[in-house]
Amino acid sequence: MIYEVFARKSRGEPLRHIGNLNAPDQELARVYAYNTYDEERWFDMWVTPREHFVEVFNAERGNGDSRS
Amino acid sequence: MTRAATTTVQLDEAARTAVHDLILVLADTKRLLGMRYAEWILGAPELEAGIACASMAQDEWGHARLLAALLKDFDVDVDHIEHGREADEYCNMVTLDEAPGDWAGLIAINVLCDGALTVQLEALRASSHVPLRQRVGKLLDEESFHAAHGAAWWRRFASASDASRAALHDAVQSRAADVLAWFGPDGPSARALLDASIADGAGSTLRERFVGRIAPLLAAAGLGDVFTNIEPAFDTFDEARRRPVGRAPDQATIQRVRGDRNRAFLMD
């Protein structure tokens, strides 16, 4: 499963997308994110499965609502 | 309880020897563990697992250097410690003498050896010996991600298939007795550490903490009684080096650990 990785340098700064990784579960996704993106000092870091993203719209394709 | 802060020069002779030996055991075990992780940077089952091995190897080597540097206070030639010793002078956990032959073996040492180091370091968290106490927190912070890596892979092995579960069983059972014995007997060295409030537990206490710590993982893999059925034997055990006498890492391992091929690049 693909996980997207987000982090920020300091409290209050917006979360920034810093990359993605492959992991079979949430537990390993945490570890792999920590190991892969540890070259900078982050304030916090988050991962989420890519499939949990819900598209709102896309300028080229239009409305992302899968029901329509 | 309040304890007087202690620097190395303030230790009495028994405690001084015991602290020196413990630091060397920790440093050598981390050096060898780091090398075992490094051997899987290429060839791990997933690209990300290889990156995790690289990261854990760097952590372990960093910890080993930091610990070895503490030996300066004991009038020890740290350069000789890092680059000049023969195989039979090493004090690493005996389980790390040989490279694990498969990924199940690497995960077994990730959980067992890294986990045993964590239990030993936690016993120093409130140490009266200031140089150790000041460094233990950083080491434990980094080790928490090693534990998470080991646990996640352990659970995968335990649940993926009968074959993977059997591979994990073999890897754990063949190392269990050596890892338990590593905490040592409740002998003179352990007593000296306890009396000076340098560590808060001797071998038997640390063994119990270790088994308690990995109990959920053992249960998840159907290995619940592997460790409880072992009575550690210390008849040929060297308490100072925390390993059985007469065994040593192989020459190829030690040549790499010492950095023999890079000796020309060593700088002061």
Side-chain angles (χ1 to χ4, degrees), chain A, chain B residues 33-34 36-38 40-42 44-63 103-104 106-107 109-111 114-115 118 138-161 164-165 168 214 216-217 220-221:
Chain A
M1 191 187 293
I2 299 176
Y3 285 78
E4 300 294 345
V5 186
F6 299 85
R8 67 185 129 206
K9 288 282 181 65
S10 58
R11 186 195 301 276
E13 196 178 277
L15 273 178
R16 182 147 59 90
H17 183 237
I18 58 170
N20 56 58
L21 53 87
N22 265 292
D25 56 47
Q26 189 171 305
E27 200 178 2
L28 272 176
R30 275 188 77 241
V31 177
Y32 290 165
Y34 173 82
N35 291 147
T36 307
Y37 298 101
D38 66 347
E39 73 278 10
E40 299 193 56
R41 284 185 91 80
W42 302 105
F43 170 73
D44 60 356
M45 185 183 291
W46 304 76
V47 290
T48 185
R50 180 182 284 178
E51 66 186 33
H52 286 189
F53 279 83
V54 178
E55 185 175 294
V56 179
F57 71 88
N58 176 292
E60 288 173 4
R61 291 196 309 279
N63 186 344
D65 188 343
S66 58
R67 292 169 301 178
S68 57
Chain B
L33 178 58
R36 299 310 174 208
Y37 285 139
W40 285 89
I41 293 172
L42 298 174
E46 297 168 347
L47 175 66
E48 287 82 355
I51 295 170
C53 284
S55 172
M56 293 191 291
Q58 286 183 322
D59 286 345
E60 297 300 350
W61 287 336
H63 298 176
W103 185 244
L106 192 277
I107 295 309
I109 68 168
N110 187 177
V111 170
D114 219 314
T118 298
K138 169 188 155 65
L139 272 49
L140 285 168
D141 272 354
E142 295 185 353
E143 284 184 359
S144 71
F145 275 92
H146 302 193
H149 180 268
W153 267 102
W154 180 293
R155 291 198 191 94
R156 270 174 98 179
F157 268 102
S159 63
S161 68
S164 69
R165 201 159 34 248
L168 183 65
I214 63 168
L217 286 177

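Using a 4.5 Å cut-off between heavy atoms, B:A54 makes no contact with chain A at all.
For A:E39, the CD atom counts as densely surrounded, since its 6.0 Å shell holds more than 12 non-hydrogen atoms of other residues, nucleotides or ligands. Other residues, nucleotides and ligands contribute over 12 non-hydrogen atoms within 6.0 Å of the CD atom of A:E13.
Against chain B, the residues from residues 15-25 of chain A that qualify, each with a non-hydrogen atom under 4.5 angstrom away, are A:L21, A:N22, A:P24, A:D25 in number order.
For the atom pair B:H146 NE2 and A:Y34 OH, the distance stands at 7.0 Å (nearest 0.5 Å). Between the CD atom in B:E46 and the CG atom in A:L28 there is a gap of 6.5 Å [rounded to 0.5 Å].
Shortest non-hydrogen contact noted between B:I51 and A:T36 is CG2-OG1, 3.8 Å. The two residues B:A148 and A:E27 come nearest to each other via the heavy atoms O-OE2, 4.2 Å.
Relative orientation of the B:H149 and A:Y32 rings is tilted, given thresholds of 30° and 60° on the angle between their planes.
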